[in-house]
Trainee: 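To start, I am sharing the structure in question, which I have written as structure tokens.
Predicted model, so just to flag it, every value in this text is computed and none were measured.
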Amino acid sequence: MDSGLIALGAAVVGVAGTLLATIVSQRMLARVQAAQFDREQRNAHTQWQRDQELTDLSRRRDCYTAANAAYRRYRIALMNFLWAVHRSQATAADRAAVEEARSGHHTAFAEAQMIASAGVLAELDLMTKVIARAHAHTMRLADGIPEPDGSFEQIHEELVVITRRWVGMRDAMRSDLGLSPSLDGTGPDPADCLPPATASAPMAGPGAIPRGVVDPDPVR
């Protein structure tokens, strides 16, 4: 009788052990699979974040390149037109070149407002205000109704200051893209803002420099 009970007990223990082993094994497998799935999810999320960061960086780089070219073109077009007015040689084509560059600047600024970082946008806002002021002064001078602070010399100095300020805008863009600032940190020499050899030289396209104008940004 005792032998039968012992055998029965051993059988029960054996069956219970087998069942428990299966359950434990299944739970361990489930935990391993859950941990693996969690790792895969984290890795996938990390990769997605990296891809998003690269996409955002590419968008900002393209935006800043376009804005930089547009602002530079507008600035040089204004300088070119100012000298033409000073020489009494300004034509309708010269004025149209300025308005074309101004329109390109507005387009680039509108795009940058949707993409640029807060720091870069602050620089762009400031640059837009000072260049708009220089444009208004230049056009009033061209129309023969200059403002009290809108003489040729004063407007020329405004554009020279804008040239210097543009360097800060460019460096803010470079910093936002993870690049080092300009080599010397000072930008172009104001002496580069010389009168154009040809007052009515046409613009050659977005970012182009009119023929005969010294480019204030020799390193593109």
Side-chain angles (χ1 to χ4, degrees), residues 62-113 116 120-121 123-147 149-173 182 187-220:
D62 292 344
C63 173
Y64 293 169
T65 299
N68 186 56
Y71 276 69
R72 181 164 57 90
R73 183 189 180 206
Y74 185 20
R75 188 183 72 250
I76 294 173
L78 270 178
M79 181 67 77
N80 196 32
F81 184 68
L82 177 65
W83 277 102
V85 171
H86 182 59
R87 291 170 168 171
S88 299
Q89 297 175 345
T91 65
D94 294 325
R95 187 183 287 264
V98 173
E99 294 310 309
E100 180 186 354
R102 182 168 177 250
S103 177
H105 157 266
H106 288 344
T107 299
F109 180 55
E111 180 180 1
Q113 286 178 309
V120 171
L121 189 56
E123 290 289 338
L124 293 177
D125 281 336
L126 186 58
M127 176 65 83
T128 296
K129 290 176 182 178
V130 296
I131 203 169
R133 174 183 169 85
H135 174 270
H137 283 174
T138 302
M139 291 306 162
R140 288 181 65 86
L141 180 66
D143 293 337
I145 48 174
E147 297 182 8
D149 58 347
S151 67
F152 165 77
E153 291 77 14
Q154 289 169 311
I155 299 172
H156 184 274
E157 179 58 28
E158 275 189 282
L159 292 174
V160 170
V161 171
I162 288 172
T163 298
R164 295 173 182 150
R165 191 181 298 278
W166 167 77
V167 175
M169 181 192 77
R170 182 189 62 188
D171 285 350
M173 292 176 176
S182 54
D189 193 306
D192 285 342
C193 299
L194 300 174
T198 303
S200 59
M203 302 299 291
I209 307 302
R211 186 168 55 254
V213 176
V214 177
D215 184 359
D217 181 24
V219 180
R220 301 185 188 180

Trainee: Can you measure from CE (Met169) to CZ (Arg165) and round to the nearest 0.5 angstrom?
Mentor: 11.5 Å
Trainee: Would Leu124 and Gln113 count as a side chain to side chain contact (heavy atoms under 4.5 Å, CB included) here? Give the steps.
Mentor: CA-CA 9 Å; Leu124 293 177; Gln113 286 178 309; over 6 Å; no
Trainee: Please state whether the rings of His156 and Phe152 are parallel, tilted or perpendicular, taking 30° and 60° as the class boundaries.
Mentor: tilted
Trainee: Carefully, step by step, assess Gln154 and Ser151 under the rule side-chain hydrogen bond (donor to acceptor under 3.5 Å, both in side chains).
Mentor: CA-CA 5 Å; Gln154 289 169 311; Ser151 67; 3.0 Å; yes
Trainee: If I compare all heavy atoms of Val98 with all of Ala77, which pair ends up nearest, and what's the gap?
Mentor: CG2-O, 3.6 Å
Trainee: Could you give me the CA-CA distance, side-chain angles and deciding distance for Met139 and Glu99, then say whether side chain to side chain contact (heavy atoms under 4.5 Å, CB included) is met?
Mentor: CA-CA 11 Å; Met139 291 306 162; Glu99 294 310 309; 3.7 Å; yes
Trainee: Which distance, rounded to the nearest 0.5 Å, do you find between the CG of Leu159 and the CZ of Arg75?
Mentor: 9.0 Å
Trainee: Run the side chain to side chain contact (heavy atoms under 4.5 Å, CB included) check on Thr138 and Glu158 step by step: do they pass?
Mentor: CA-CA 10 Å; Thr138 302; Glu158 275 189 282; over 6 Å; no
Trainee: Measure across Thr91 and Phe81 and return the closest heavy-atom pair with its distance rounded to 0.1 Å.
Mentor: O-CE1, 4.5 Å
Trainee: Quick check for you: to the nearest 0.5 Å, what is the distance between Tyr71 atom OH and Met127 atom CE?
Mentor: 8.0 Å
Trainee: Hey, does the Lys NZ or Arg CZ of Arg170 hover above the aromatic six-ring of Trp166, less than 6.0 Å from the centre and inside 45° of the axis?
Mentor: yes
Trainee: If you measure from CG on Leu82 to CG on Asp94, what distance do you get to the nearest 0.5 Å?
Mentor: 11.5 Å
Trainee: Search all heavy atoms of Pro146 against all heavy atoms of Leu141 and return the closest pair with its distance.
Mentor: CB-CD1, 3.9 Å
Trainee: Would you please test His137 and Glu147 for side chain to side chain contact (heavy atoms under 4.5 Å, CB included) and show each step?
Mentor: CA-CA 7 Å; His137 283 174; Glu147 297 182 8; 3.0 Å; yes
Trainee: Which class fits the ring pair His135 and Tyr74: parallel under 30°, tilted 30 to 60°, perpendicular over 60°?
Mentor: tilted
Trainee: Hey, what do you get for CH2 (Trp83) to CZ (Arg87), rounding to the nearest 0.5 Å?
Mentor: 6.5 Å
Trainee: If I take atom CZ from residue Arg73 and atom CG from residue Leu78, how far apart are they, to the nearest 0.5 angstrom?
Mentor: 11.5 Å
Trainee: Can you see which heavy atom on Cys63 is nearest to which on Ala112, and at what distance?
Mentor: SG-CA, 3.4 Å
Trainee: Counting N and O atoms only, with roles assigned by atom type, does the side chain of Asn68 sit under 3.5 Å from a partner on the main chain of Thr65, one being a donor and the other an acceptor?
Mentor: no
Trainee: Do any N or O atoms from the side chain of Glu111 and from the backbone of Ala108 form a donor-acceptor pair under 3.5 angstrom?
Mentor: no
